[in-house]
Each structure stands twice: as C-alpha cells, then as structure tokens.
Amino acid sequence: QGDTVQTMTSRIQEWAKRNGDMDRALKWRSEMIARTESSRALVTGHLESWKASGIVERVEWMVAPNPCQFCEWIARNKPVVNLGEPWFPFPHTLTGTKGGRMVLDYRPITGPPLHPHCRCALKPLTARM
C-alpha cells in the first residue's frame, strides 16, 4: 500500500493493543515486525519480477557486513540457488557457524530476511553471470 515503516509500526501497535497483545504493542517490537515484513515483501517482489523477466536463472544470497552466524553459514555453504528453489527444505533446522541452531518452520526460505533485523539481500544471476 506504500505505507512507511513508521505508519506500519503504528498500525501494528494499534492492532496489538486492540487484541491484548502487549508484547507486539511495544514500539521496538512493532517496528521490528514492520521492517522485517517490509523487507520480506520487497524480496518477494524482486523474485516475482525476476521470474517474469525470463532471463534470471539463479539468485545469490548477499550477506550484509558482520552477518549473524546463520547468514554467514549460507554465504559459506550455499550462497547460490536456482531461481524458485528454496535455500532449505521445509521445515529445517539450520546450524550456524558458531553452533547455534535456528528452526525454520515459519515458511520456505526463498531469500532474506532469514530472521528479524536481517540486512541481507539477493542478487539476480543470468546465464551470462
């Protein structure tokens, strides 16, 4: 709808208060949700447009500087997948580079954000790349 993160944060807070969810009513939590879901929507849009282009064949997970252990694992072990292929089977438990474990049971992981505050991005790869 073109809402800003600030507008979405306020809407999430209002919804949470109406529904008695005081954890999500906290500003920091509402803002985290707004940023994460905005990022998820952006990446989903990129993936759909790349599919429609007919020239993108693969996608690369571009980790942000100082990534978490889970995004670092992706960069080291599985940075590229075919377009439309998830990074992990669903559900899946990912063991990070420092031994931490993340249960991926929310959705198939087709790109960032892998977790709240994830700053990673995707790069489209064509046959020429």
Side-chain angles (χ1 to χ4, degrees):
Q1 296 177 352
D3 291 344
T4 65
V5 169
Q6 292 78 18
T7 300
M8 288 186 290
T9 298
S10 295
R11 288 175 50 209
I12 292 167
Q13 283 183 289
E14 291 167 12
W15 174 89
K17 288 175 186 174
R18 276 194 317 272
N19 290 282
D21 187 341
M22 298 320 289
D23 184 40
R24 286 184 179 95
L26 296 170
K27 183 170 181 177
W28 72 267
R29 180 77 188 271
S30 296
E31 186 172 24
M32 176 188 70
I33 293 166
R35 288 185 186 283
T36 302
E37 295 307 322
S38 294
S39 177
R40 189 178 325 283
L42 177 67
V43 168
T44 300
H46 285 153
L47 290 168
E48 291 303 315
S49 66
W50 295 337
K51 286 177 192 173
S53 76
I55 62 169
V56 175
E57 294 182 355
R58 298 171 295 138
V59 288
E60 182 176 359
W61 193 291
M62 305 296 294
V63 294
N66 301 310
C68 72
Q69 64 177 313
F70 305 105
C71 292
E72 186 174 344
W73 186 96
I74 294 170
R76 289 182 186 179
N77 299 287
K78 194 175 182 181
V80 177
V81 298
N82 292 325
L83 181 63
E85 173 187 327
W87 260 266
F88 304 101
F90 180 74
H92 183 75
T93 299
L94 175 60
T95 301
T97 57
K98 296 179 181 175
R101 294 171 60 82
M102 177 185 283
V103 177
L104 305 172
D105 61 357
Y106 177 68
R107 65 178 177 89
I109 304 300
T110 56
L114 181 61
H115 53 81
H117 300 299
C118 185
R119 297 170 292 118
C120 296
L122 290 182
K123 177 182 174 181
L125 302 173
T126 64
R128 294 181 292 263
M129 298 178 124

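Through direct or relayed side-chain contacts under 4.5 Å between Ile, Leu, Val, Met, Phe, Trp and Tyr, Met8 connects to Val5.
Of the candidates Arg119, Glu72, Met62, Glu72 is the only one forming a side chain to side chain contact (heavy atoms under 4.5 Å, CB included) with Pro67.
Across all non-hydrogen atoms, the minimal contact from Phe70 to Gly100 is CE2-O, 3.4 Å. The heavy-atom pair separating Ala127 from Glu57 by the smallest distance is CB-OE2, 3.3 Å. Minimum interatomic distance between Ala75 and Val63 (heavy atoms only, all atoms of both residues): CB-CG1, 3.5 Å. Nearest heavy-atom pair across Trp73 and Thr95 is CD1-O, 3.3 Å.
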What verdict does the salt bridge (charged side-chain N to carboxylate O under 4.0 Å, His left out) test give for Lys17 and Glu14, after you've listed the backbone C-alpha separation in whole Å, the side-chain angles of each residue and the deciding distance to 0.1 Å? CA-CA 5 Å; Lys17 288 175 186 174; Glu14 291 167 12; over 6 Å; no

Determine, stepwise, if the pair Val59 / Trp87 fulfils side chain to side chain contact (heavy atoms under 4.5 Å, CB included). CA-CA 10 Å; Val59 288; Trp87 260 266; 3.5 Å; yes

Using the side chain to side chain contact (heavy atoms under 4.5 Å, CB included) rule, take Leu122 and Val43 through it: C-alpha gap first, then chi angles, then the decisive distance, then the call. CA-CA 7 Å; Leu122 290 182; Val43 168; 3.7 Å; yes

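Interatomic distance, SG of Cys68 versus CD1 of Ile74, reported as 7.5 Å (0.5 Å rounding). A distance of 14.0 Å separates CE in Met32 from NZ in Lys27, rounded to the nearest 0.5 Å. The distance from the CD1 atom of Ile12 to the CZ atom of Arg29 is 10.0 Å, given to the nearest 0.5 Å. Put simply, CD1 on Ile33 and CD on Gln13 are 10.0 Å apart, with the number rounded to the nearest 0.5 Å. For the atom pair CG of Leu83 and CZ of Arg58, the computed distance is 11.0 Å after rounding to the nearest 0.5 Å. In this structure, CD1 in Ile55 is found 11.5 Å from CG in Leu125, a value given to the nearest 0.5 Å.
Within the 4.5 Å cutoff, the side chain of Ser39 has no heavy atoms near those of the Cys118 side chain. For the pair Thr97/Gln69, a side-chain contact is recorded, criterion being any heavy-atom separation below 4.5 Å from C-beta on.
Dense packing is recorded around CG of Asn19, with more than 12 heavy atoms of other residues, nucleotides or ligands lying under 6.0 Å away.
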Could you list the donor-acceptor pairs under 3.5 angstrom formed between side-chain atoms of residues 102-116 and any protein atom two or more places apart in sequence or on another chain?
{"residue": "Arg107", "atom": "NH2", "partner": "Gly111", "partner atom": "O", "Å": "3.4"}
{"residue": "Arg107", "atom": "NH2", "partner": "Pro113", "partner atom": "O", "Å": "2.9"}

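For the side-chain hydrogen bond (donor to acceptor under 3.5 Å, both in side chains) test, residues two or more places apart in sequence or in another chain that qualify with Arg24 are Asp21.
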